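Right, one structure below, let's go through it.
Everything numeric in this text was worked out from a predicted model, so none of it was measured. Atoms considered below: every heavy atom in the structure, side chains included; atoms not considered: hydrogens, waters and symmetry mates.
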Amino acid sequence: MGLGAAAGGILRGAARGSLPSLWPRPVRVRFAPSPTGFLHLGGLRTALYNYLFAKKHQGTFILRLEDTDQSRVVPGAAEGIEDMLEWAGIPPEESPRQGGPAAPYQQSQRLDLYWEAVELLLEKGAAYRCFCTSQRLELLKKEALQSQQTPRYDNRCRHLSPKQVAEKVSQGADSVVRFRLEESVEPFCDLIYGWNRHVVASIEGDPVILKSDGFPTYHLANVVDDHLMGISHVLRGMEWLVSTSKHLLLYRAFDWEPPQFGHLPLLLNRDGSKLSKRQGDIFVERLAQDGYLPEVLLDSVTNCGSGFADNRMGRTLKELIKEFDVSRIERHSALLDLEKFSEFNRIHLMRRVEDELLREELVAELQTAVEQAYGGQLADREVLEKSYVQQVLLLRKGHISRLKDLVSAKYAFLWIRPSVPHEELQTISAEADRIGRLVLGLLERQVAALTTEELSKDLRRLQEQISGTPYSGMMKLLRLALSGQPEGPSVAEMMVSLGPREASMRIQRALCG
Ligand code: GLU
């Protein structure tokens, strides 16, 4: 039976030190997003740091969905977040989809646990029912604003007697439950920001922990779940740093051992502006569809920040785990340069092409992409053969940033025969026919071992036999004959990619009348 399911008495029996199986604590960390939209790079980074920390310390990485604010829940977002973590290669070991010993992992399915926790706090006198109407709260707010004070609840219902409470309950009055904030707050040492202490009671009124709809607020649910799920370290966004003292007061009220906290600095755009949901290019799903590799996203969101001894590009997940050190996370915001994504992808794609197993996957992916893009127009079905597609990858690695670049117009010549603009060829050189024949001779002699370097040298030498056409003109001519495009890879590279037979055939058709 899971921790959650066994909750009938687990909260009451869970005072400090009474969970022998969880103490001393194994490392258990969680990523706890609210399913209010697609996973973006900021969320991915928080998840990744948790994942790296878990892997580094032989711990467990957990996904918990914080959906207590039902009005903000977006249908499909929960599945989307877990899909993207799996796609990125950092799947949670315990999650709504995977299940696990602390199930359920979705807060809306854990309401009985929060109610039990609230009962416990009410019994201890650490929480109280509040019957203030929204009109009264609105009035308090207005008054505060008029006298230029920060609005805060005045804790009026703290002072209701048990009899008054019972009376209101019997009259069916609506209520919420508030947590009684203590003045005395102990400092805590954040893994990243060092010593911290916020005397919450001097700035806020007692916070609501259970709303009138029966749902807990974030502060309560978060503490109860981190405790029941045996979370040892909380690594989360720095916007929660100021709330941590409040959470620690809750831990103290329950008499539970708190986890260790580490707050992650913000992830911002290169110009220091906030990542905005209006920027389509910060969503993981969109980047995946655009052809970025998972390791590119992981590398980019950690490269711009910290947690590593150096700032080099191109780390794989394995290297990230090996080199990660939480004490190296710096306090300043991390700046993300979206313009560098192509370069990151170029580097990682090259690594994949060089790895035999990963290359096989790329071959299959490219075959599908070619079929989809060119289908009926293919030069020859042979262009879909594994050996040809593989050769294209090996020759083009380092020159392309995304696999799908290979089906763009620039590389169409690899898959379809160009329609050659004959008149244009004639205007480039009157010697088109002679050049064509010389190149055909060259290709014939070179059939056995065609390499880009040798071919380049041979083409240079060949040009010396032609008086009226400069080298650049000859290249332009051959490029058009081979690809129908004015730009693209070098002529020698094109010939090597196409192979001598196909290259000869194209030159013959285009140049040799
Ligand atoms: N649901 C909170 C968020 O999305 C989680 C904060 C936390 O990790 O404690 O920011």
Side-chain angles (χ1 to χ4, degrees), residues 1-7 10-11 14 16-35 39 43-67 78-79 81-107 109-110 113 190-192 221-237 240 244 247 251 256-264 284 294 298 301-302 307 316-327 329:
M1 190 188 286
L3 284 181
I10 210 158
L11 279 168
R16 192 170 304 187
S18 68
L19 284 177
S21 61
L22 296 178
W23 200 261
R25 294 180 176 190
V27 166
R28 287 174 62 81
V29 290
R30 86 304 191 273
F31 172 48
S34 299
L39 181 67
L44 181 74
R45 189 182 68 133
T46 304
L48 176 60
Y49 276 134
N50 275 284
Y51 180 88
L52 296 178
F53 190 81
K55 294 293 148 193
K56 191 91 210 174
H57 299 97
Q58 293 77 47
T60 306
F61 172 54
I62 296 160
L63 170 67
R64 180 174 78 223
L65 295 170
E66 302 208 328
D67 59 347
E79 292 74 17
I81 292 171
E82 196 159 355
D83 284 346
M84 286 304 105
L85 293 179
E86 286 172 7
W87 173 82
I90 54 169
E93 282 148 80
E94 296 174 25
S95 72
R97 192 174 289 168
Q98 297 296 329
Y105 293 89
Q106 196 155 346
Q107 289 186 328
Q109 293 172 17
R110 300 172 63 83
L113 290 168
D190 188 85
L191 288 169
I192 292 146
N222 182 269
V223 164
V224 169
D225 287 346
D226 282 344
H227 171 72
L228 281 183
M229 292 182 177
I231 300 301
S232 60
H233 297 78
V234 169
L235 300 179
R236 62 183 173 194
W240 300 109
T244 304
H247 298 168
Y251 280 100
W256 293 339
E257 188 76 29
Q260 256 193 292
F261 291 92
H263 287 87
L264 303 166
V284 176
L298 304 181
V301 294
T302 45
T316 59
L317 181 55
K318 231 174 165 178
E319 289 163 341
L320 286 173
I321 296 170
K322 193 160 157 238
E323 296 174 35
F324 176 64
D325 176 356
V326 73
S327 70
I329 297 183

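- The shortest side-chain heavy-atom distance between P91 and E86 falls under the 4.5 Å cut-off.
- Nearest heavy-atom pair, Q107 versus R64, reported as atom, atom and distance to 0.1 Å: NE2-NE, 3.8 Å.
- Ion pair D83/R97 flagged as a salt bridge, since at least one NZ, NE, NH1 or NH2 atom sits closer than 4.0 Å to an Asp/Glu carboxylate oxygen.
- L48 is not listed as a side-chain neighbour of F31, based on a closest heavy-atom distance of 4.5 Å or more.
- For M229 against P104, the heavy-atom pair with the smallest separation is CE-O, 3.8 Å.
- Distance check: E323 CD to T316 OG1 gives 8.5 Å after rounding to the nearest 0.5 Å.
- Residues E94 and T60 meet the side-chain proximity criterion, which asks for heavy atoms closer than 4.5 Å.
- For the pair T244/R236, a side-chain contact is recorded, criterion being any heavy-atom separation below 4.5 Å from C-beta on.
- In this structure the side chain of Y51 reaches within 4.5 angstrom of the side chain of L317, judged on heavy atoms.
- Distance check: K318 NZ to L320 CG gives 12.5 Å after rounding to the nearest 0.5 Å.
- Contact record, L235 with F53: CD1-CB, 3.8 Å, taken as the closest heavy-atom pair.
- Using a 4.5 Å cut-off on side-chain heavy atoms (C-beta onward), S34 and L65 make no contact.
- Annotation for Q106 and P96: closest pair OE1-CB, 4.1 Å, computed over non-hydrogen atoms.
- Interatomic distance, D325 CG to L52 CG, rounded to the nearest 0.5 Å: 11.5 Å.
- One distance of note links OH of Y105 with CZ of R30; it measures 13.5 Å at 0.5 Å rounding.
- Of all heavy-atom pairs spanning A102 and R110, the tightest one is O-NH1, 3.1 Å.
- The line from CZ of F324 to OG1 of T302 is 9.5 Å long, rounded to the nearest 0.5 Å.
- Between H247 and Y251, the gap from one ring centroid to the other reaches at least 6.0 Å.
- Classification of E93 and K55 as a salt-bridged pair holds, one side-chain N sitting under 4.0 Å from a carboxylate O.
- If you take CD1 on I329 and CD1 on I192, they are separated by 4.0 Å, rounding to the nearest 0.5 Å.
- Ring geometry, H263 versus F261: the interplanar angle falls under 30°, so the pair is classed parallel (tilted spans 30 to 60°).
- Taking all atoms of both residues into account, the shortest heavy-atom contact from V27 to S232 is CA-OG, 3.3 Å.
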